[in-house]
A.B. asks: 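Before anything else, here's the structure in question.
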Number of protein chains: 2
Amino acid sequence: MAMPSAPRLTQTKCSDCPIRHRAVCAQCEPAELEDLERIKSYRTYTPGETIAWAGERLSLVGSVVQGIALLSSTLPDGRRQMVGLLFPSDFLGRPGRDTISHDVTAATQVTFCMFQKVEFERLIARTPKIQRRLLEMTFDELDAARDWMLLLGRKTAREKIASLFVIMARRDSALNSRPADQGLRFPLYITREAMADYLGLTIETVSRQISALKREGLFRLEENRVVHIADFARLLEEAGDDSDGGVLI
Amino acid sequence: MAMPSAPRLTQTKCSDCPIRHRAVCAQCEPAELEDLERIKSYRTYTPGETIAWAGERLSLVGSVVQGIALLSSTLPDGRRQMVGLLFPSDFLGRPGRDTISHDVTAATQVTFCMFQKVEFERLIARTPKIQRRLLEMTFDELDAARDWMLLLGRKTAREKIASLFVIMARRDSALNSRPADQGLRFPLYITREAMADYLGLTIETVSRQISALKREGLFRLEENRVVHIADFARLLEEAGDDSDGGVLI
DNA sequence: GCAGCAGTTTGATCCTGATCAAGGAAGGCC
DNA sequence: GGCCTTCCTTGATCAGGATCAAACTGCTGC
């Protein structure tokens, strides 16, 4: 394991945990935060590792602290569609259900901050604010899923790639608390295969479209980072995105 | 207005309201139910009518009592994707947001049971059970959206049609409290255009695929009802559905 | 150094679903 | 009845993305 990353993972402090300051508990009282503290634990997965299979019993819920996890559905014949892309602070799991309905895999090295589901359920039953926060987060996920449906059903391959880049740029800048509209440099954390599964395309089409956009000078790639987008507004346009580009997700 | 339907709409009783016995308040105490009673009102829309535009301020939330409503997203150039199909008991609106992010239209004559959003928010703030119920419903919607993403991204036109029919059969049988696995007869409440928007296809492809499945003897159409599916299991298979067919949605 | 491998790119060809176009069916209205 | 309009079906052709195939890149291990 590489030296620089290991300590950061094992030393993750409560103050680094997105559960505390970004996700579930953004407006909690100190007492409620302590309740959360007591029942949490961390777990790290390696890139490519399966975190859970669809249909599996899952007695944990939690959220991503660091890294990227993927949610996907698979047809009996193996065709696969990604249905969720979990960045730090995103929540995984369903209070009130004992099985998970999608495959969960680690795209990068990923660390979760997890709670025993029964304990978490007890907690939200007596802490409406946490439940409320969870409802807000689920609404956000539903909105994202619906935008994603528009992408899958109606956008061309070229537009899909542009949209993916815009999404990645925004999520990355949210992660680093930078404004998104410059979009000068952000990493493509995921493989071509994951992009294809995200976009409902084949890896060949993903590769070809990225090459085409590069040829047209929209950006360069440097060690899997998208660099120097000449005209971020034009990429937004290609993505068919009519929201104003400055707003973070 | 046709005689048989008008009285049923205007006379909708609390006991007929899905908010009460199916949706938001499935496990509420009588006192909580009375709180809901006091702040609700009904509104009916005609087929094709726009209920709300994307981006509009919306001070109401509510759920469908009767009929079907459609949620859809539109690209700047007019390409449209349906992102939600609201049957009776389905909830519309977001406590905590003042704008709606999708177009809402009436597919059939549709009646909503609505609450002033501010009042509903006050109610859920002091009634965690209702909030909990809303969270469960939102989880269900998110699951449905993710299955839908698999359909849009990875299924063929033929499989899309089969999936649509399976979904319609299940939702219709849930509506009428019948087991879904026979699927002998159910209406296609929506037009070919709505089907195309649901499935990410054109109306021509929808029409052709339905004709092809008919030719193969999977079903007949009688006044826009799907009749006598020879082998519901085969349709499930075409839909790539590996859940057991007897379970209602 | 080089073999082996996973991930990626590029090329050639095919096929599914889109597009363009024309007709048919059913209902409403005069 | 006849003429709209709306919705649906069918046909001919096209094109975007899938498929099949091969080569390239960067890494790891020896």
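Chain identifiers are assigned alphabetically (A, B, ...) following the order of the sequence lines, protein sequences preceding nucleic acid strands; residue numbering begins at 1 within each chain.
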A.B. asks: Answer with base, sugar-phosphate or nothing: what part of the nucleic acid does A/S207 contact at a heavy-atom distance below 4.0 Å?
C.D. replies: base

A.B. asks: Mind calculating the distance between CD (A/Q209) and P (C/dT9) to the nearest angstrom?
C.D. replies: 12 Å

A.B. asks: In sequence, state the C-alpha distance, the side-chain angles, and the governing distance for B/D172 and B/Y189, and then conclude on side-chain hydrogen bond (donor to acceptor under 3.5 Å, both in side chains).
C.D. replies: CA-CA 10 Å; B/D172 182 61; B/Y189 297 100; 2.7 Å; yes

A.B. asks: Do B/E49 and B/T46 meet the criterion of a side-chain donor-acceptor pair at a distance under 3.5 Å?
C.D. replies: yes

A.B. asks: Can you see whether A/T111 engages A/T44 through a side-chain donor-acceptor pair at a distance of less than 3.5 angstrom?
C.D. replies: yes

A.B. asks: Just call it for A/G200: base, sugar-phosphate, or nothing, with non-hydrogen atoms closer than 4.0 Å on any strand.
C.D. replies: sugar-phosphate

A.B. asks: Rounded to whole Å, please give me the gap between CD in B/E159 and P in C/dG17.
C.D. replies: 9 Å

A.B. asks: Could you tell me how far apart B/L188 (CG) and D/dC7 (P) are, to the nearest whole angstrom?
C.D. replies: 16 Å

A.B. asks: Quick one: label B/L201 by what it contacts on the DNA or RNA (base, sugar-phosphate, nothing), any heavy atom closer than 4.0 Å.
C.D. replies: sugar-phosphate

A.B. asks: To the nearest Å, how far apart are A/K155 NZ and D/dG16 C1'?
C.D. replies: 18 Å

A.B. asks: Return yes if the base of D/dT19 and the side-chain atoms of A/R208 contain a donor-acceptor N/O pair under 3.5 Å, otherwise no.
C.D. replies: yes

A.B. asks: Starting at the 5' end of DNA chain C, which residue's closest nucleotide do you reach first, A/I203 or B/T205?
C.D. replies: A/I203

A.B. asks: From CD of A/E193 over to C1' of C/dT9, roughly how many Å is that when rounded to an integer?
C.D. replies: 15 Å

A.B. asks: Name the nucleic acid region contacted by B/I210, choosing base, sugar-phosphate or nothing; use a 4.0 angstrom heavy-atom cut-off, strictly under.
C.D. replies: nothing

A.B. asks: Please determine if a side-chain N or O atom of A/S211 lies less than 4.0 Å away from the OP1 or OP2 oxygen of C/dT10.
C.D. replies: yes

A.B. asks: Quick one: B/R225 CZ to D/dC8 C1', roughly how many Å, whole number?
C.D. replies: 19 Å

A.B. asks: How do A/M195 and A/R154 order along DNA chain C: which one's closest nucleotide is nearer the 5' end?
C.D. replies: A/M195

A.B. asks: Counting distance alone, no hydrogens or angles: does the base of C/dC20 have a donor or acceptor under 3.5 Å from a partner atom on the side chain of B/E204?
C.D. replies: yes

A.B. asks: Rounded to the Å, how far apart are B/D197 CG and D/dC7 P?
C.D. replies: 13 Å

A.B. asks: Look at A/T191 and C/dG7 and indicate whether a side-chain polar atom (N or O) is within less than 4.0 Å of OP1 or OP2.
C.D. replies: no

A.B. asks: Does atom CD of A/E216 have more than 12 heavy-atom neighbours, drawn from other residues, nucleotides or ligands, at distances under 6.0 Å?
C.D. replies: yes

A.B. asks: Between D/dT25 atom P and A/L221 atom CG, what is the distance in whole Å?
C.D. replies: 15 Å

A.B. asks: Let me see the working for B/T105 and B/W53 under side-chain contact (heavy atoms from CB on, under 4.5 Å), right down to the final yes or no.
C.D. replies: CA-CA 9 Å; B/T105 50; B/W53 295 104; over 6 Å; no

A.B. asks: So if I take every side-chain heavy atom of B/K214 and compare against D/dT9, C/dG17, D/dG17, which nucleotide ends up nearest?
C.D. replies: D/dT9

